[in-house]
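Taking it in order: structure first as structure tokens, then the write-up.
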Number of protein chains: 2
Amino acid sequence: MIRKRAATIIDVAKQANVSIGTVSNVLNHAANVSEKTKRKVEEAIGILSYSPNDAARSIRTGRTHSIGIVVPDIMNEYYAKTIQALMDAAYKENYTALITCFKNRPQYEEKLLNMLIDRRVEAIGIMGGVEDNELVKEVAQKVPVLLIDRRIEGSGLSAVQFDNCSALMEMVAVLKEAGYRKIGYMSETLAMTNIADRYQGFLQAMKGNGLAVDESCVWLSKDLQLEKNQNGYKLMKKILNERKRSELPEVLLTSSDLIAVGVMDAVKEAGFRIPHDIGIVGFDNITLSNHTFPTLTTVEQDMETIGKTSWDVIRQLMKRRTKIVHEITLEQGLVFRDSCKLPERIKNR
Amino acid sequence: MIRKRAATIIDVAKQANVSIGTVSNVLNHAANVSEKTKRKVEEAIGILSYSPNDAARSIRTGRTHSIGIVVPDIMNEYYAKTIQALMDAAYKENYTALITCFKNRPQYEEKLLNMLIDRRVEAIGIMGGVEDNELVKEVAQKVPVLLIDRRIEGSGLSAVQFDNCSALMEMVAVLKEAGYRKIGYMSETLAMTNIADRYQGFLQAMKGNGLAVDESCVWLSKDLQLEKNQNGYKLMKKILNERKRSELPEVLLTSSDLIAVGVMDAVKEAGFRIPHDIGIVGFDNITLSNHTFPTLTTVEQDMETIGKTSWDVIRQLMKRRTKIVHEITLEQGLVFRDSCKLPERIKNR
DNA sequence: CTGAAAGCGCTTACAG
DNA sequence: CTGAAAGCGCTTACAG
């Protein structure tokens, strides 16, 4: 079987014995077309199983009805759910989202962004680590950019973010109330604002609550950006090998549920009990966190909401050629489960 | 700030004082262009920060360098990882994958497929439930289609699949060896071949091992297609409410880890112990399955491999205008963990 | 209500 | 090595 060349608007016009302008009018539900010719055209379209070529259309109209999304990867449920919500919202308004993943490899980022620009996406949403802020600003000269779950200080770029700092401050306050004093912290490096904000919240809260930060219990590692689960496990295993029990924190805050789960595996493997010997706190509230043993105390980020909100803002950004800056901050929520020793009165909040 | 109109090849030609044909030649690393004019052109490109318009290019060349992927959703890790592997492979050869999710809503499927055709993707990979086989066949008239993790009998369409039937036969044999007799089965309905094959494998193996299928312990529910976790929990809860313990299976096979995890929650909530009172088996081997309590016995599907293989086949399909049929079958693997009572000799296999 | 024609931003033979 | 011109498949004023 040989696939036929796709029919064009010219073929349809010939088949229906009308001009291509008329076919175009039918296609676009435009200008009064008589019922009769409309039927003729539609019949011809059916016979030839014609479908309009979007590229040709977009070259004329100057619009592509597509947006670009840049994320580290889609394998992390946090990204997957956010993107899904954003895509769904866009799709309902006949926009297609081009998803691109750069796996935290800087050399990919530029290539991906250029690809999106070549495709003339009408806006770009950037989630996570495009590390080269200058690059992002250049891109924003050409096409509206929305930063999702991050920001670039002083760039005048729109952003939808969570209030990471507050969430961590609350969490630390609760841990203190629960009797914890020696609070450890494990995170990817602080390149992204969302991650940095959490750490700031941690530091502020420790200070505010009169607790000392034990620097030997703070681990910031670049490895934790990807394969968080695996790398969290490895890092914790190494820590447990090197230290005596008294040198461990009483509770360990982490910047991701996946990291937390890896850490828990290492801890359990070393024969410690959670939360009896050490408490663990995650971040994201992915499905996994409610099914680990013990279940994981964490910070909930509402992916549905950030995804939808991002689309709303992107739509605003596309509307006008003049630039306006949107800054939206969403609240997170604390989820108390069994991986920390918490009094009932706290759990029931 | 007002965003400028994007520069075109004409602008570049003017800026560099050459013809647009020459600019095009530089862009496409084509025909001998003298070093000097090349530099002139590149400089002009820099000054205007010109980027070529893919739509215009594709309308001339007839190629879009993009493929379409259709999946139920990207929130299930099984789909997410497969797509990621496929996207990565495609990306390395300068192809972009347009990901579309139809959420098992039939009315979406046609719209999505048309959208992909309008965008003139050079091939389409379909994973999971596009239910209308006729629709798929029509699409395949226009553009090469690869079925991923499913097939359409007698359609002459290429497919990359797992050997689901064999995997289930092996699993049943192992369960029998472990002493299980009353084996239950919980799955989404059998609309898709991958799901149907598993059930066939189950039936065959039961027969082959001289075990009776207790039909009261077979649940096939449409609800389990989406939100598998939630809906698995609900279904199991209902079952536990309605039955005495003696009416439950000794071990329950499920068609997805997410379903299995929901089931385990319901079982534990009802006060039963796993695997002491009832064994549970999942399917997919997503990250979650190694962290539940108890950890989940399951069937591993190598997402990396099916994703990459799918790209390899898609590339083949795009190469020629004559149709050739590819049928590739991949092996799965059994993963023995703590959610079933299994003798050590089996676990160590 | 319908058609003829210009033009969107490119690539591709073809001259020179 | 470089340029002029045709043409890809559409939409959009503009006549009639």
Side-chain angles (χ1 to χ4, degrees), chain A residues 4-42 44-45 48-66 114-115 117-122 142-143, chain B residues 4-42 44-45 48-66 114-115 117-122 142-143:
Chain A
K4 289 164 297 196
R5 181 183 64 74
T8 73
I9 200 170
I10 301 180
D11 301 325
V12 176
K14 277 186 191 146
Q15 174 80 30
N17 253 311
V18 296
S19 74
I20 62 169
T22 300
V23 176
S24 178
N25 283 334
V26 173
L27 249 32
N28 299 298
H29 311 287
N32 307 329
V33 182
S34 77
E35 270 307 317
K36 198 174 145 202
T37 53
K38 196 170 161 189
R39 259 199 307 279
K40 272 202 302 185
V41 170
E42 274 161 359
I45 289 176
L48 302 171
S49 61
Y50 165 76
S51 50
N53 182 323
D54 269 343
R57 174 176 283 169
S58 97
I59 212 183
R60 269 298 330 220
T61 62
R63 312 208 45 189
T64 58
H65 274 265
S66 58
N114 282 333
M115 191 268 282
I117 289 172
D118 290 355
R119 291 200 177 245
R120 296 294 189 271
V121 293
E122 296 177 24
K142 301 191 176 186
V143 51
Chain B
K4 288 164 297 196
R5 182 182 65 74
T8 72
I9 199 169
I10 300 180
D11 301 325
V12 176
K14 277 185 191 145
Q15 174 80 28
N17 252 312
V18 296
S19 74
I20 61 169
T22 301
V23 177
S24 177
N25 283 334
V26 173
L27 250 31
N28 299 297
H29 310 288
N32 308 328
V33 181
S34 76
E35 269 307 316
K36 195 174 149 203
T37 53
K38 197 170 158 186
R39 260 200 306 281
K40 271 202 303 185
V41 170
E42 274 161 357
I45 289 175
L48 301 171
S49 61
Y50 165 74
S51 49
N53 183 323
D54 269 343
R57 173 176 283 170
S58 96
I59 212 182
R60 270 295 333 218
T61 61
R63 311 208 46 188
T64 57
H65 274 268
S66 59
N114 282 331
M115 190 269 280
I117 289 172
D118 290 355
R119 292 200 177 244
R120 296 293 188 273
V121 293
E122 296 177 24
K142 301 191 176 185
V143 51

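Here is how names work: the chains are called A, B, and so on, in the same order as the sequence lines, proteins then strands, and each is numbered from 1.
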Query raised in the report: Should T22(A) be listed as having a side-chain N or O under 4.0 Å from OP1 or OP2 of dG3(C)?
Result: yes
Report task. Calculate the interatomic distance between R120(A) atom CZ and dG9(C) atom C1'; express it in whole Å. Result -> 9 Å
Query - Rounded interatomic separation in angstrom, taking CD from Q15(B) and C1' from dG9(C) - result: 18 Å
Report summary line: Tightest non-hydrogen contact, residues T64(A) and V121(A), listed as OG1-CA, 3.9 Å
Report task. When you get a sec, tell me which of dT11(D), dC10(C), dT2(C) is the closest nucleotide to the side chain of N53(B)? Result -> dC10(C)
Report task. Scan residues 56-66 of chain A against DNA chain D and write down, sorted by residue number, each residue with any heavy atom closer than 4.0 Å; if none is found, say none. Result -> A56(A), R57(A), I59(A), R60(A), T61(A)
Query raised in the report: Looking at A44(B) and Q15(B), what are the two nearest heavy atoms and their distance?
Result: CB-CG, 3.4 Å
Query raised in the report: Side-chain N or O of S34(B) less than 4.0 angstrom from OP1 or OP2 on dT2(D)?
Result: yes
Query raised in the report: Whole Å only: how far is the CG atom of D54(A) from the P atom of dG9(D)?
Result: 14 Å
Report summary line: The reported gap from CD1 in I59(B) to CG in D54(B) (rounded to nearest 0.5 angstrom) is 12.5 Å
Report task. Whole angstrom is fine here: how far is it from NZ in K38(B) over to P in dC1(D)? Result -> 11 Å
**Report entry** OP1 or OP2 of dG9(D) under 4.0 Å from side-chain N/O of T8(A)
**Finding:** no
Query raised in the report: How does DNA chain D read in dot-bracket, base by base from 5' to 3', with Watson-Crick or G-U pairs under 3.5 Å and | used when the partner is on another strand?
Result: |||.||||||||.|||
Report summary line: Heavy-atom closest pair (P52(A) atom, R120(B) atom, distance to 0.1 Å) is O-NH1, 3.4 Å
Query raised in the report: Should R5(B) and D11(B) count as an ion pair when the cut-off is N to O under 4.0 Å?
Result: yes
Considering only nitrogen or oxygen atoms on both sides, find all protein atoms under 3.5 Å from nucleotides 13-16 of chain C and state each distance.
none

Report task. Pick base, sugar-phosphate or nothing for I20(A), based on heavy-atom distances below 4.0 Å to the nucleic acid. Result -> base
Query raised in the report: Roughly how many Å is it from CG in N17(B) to C1' in dT2(D), rounded to a whole number?
Result: 13 Å
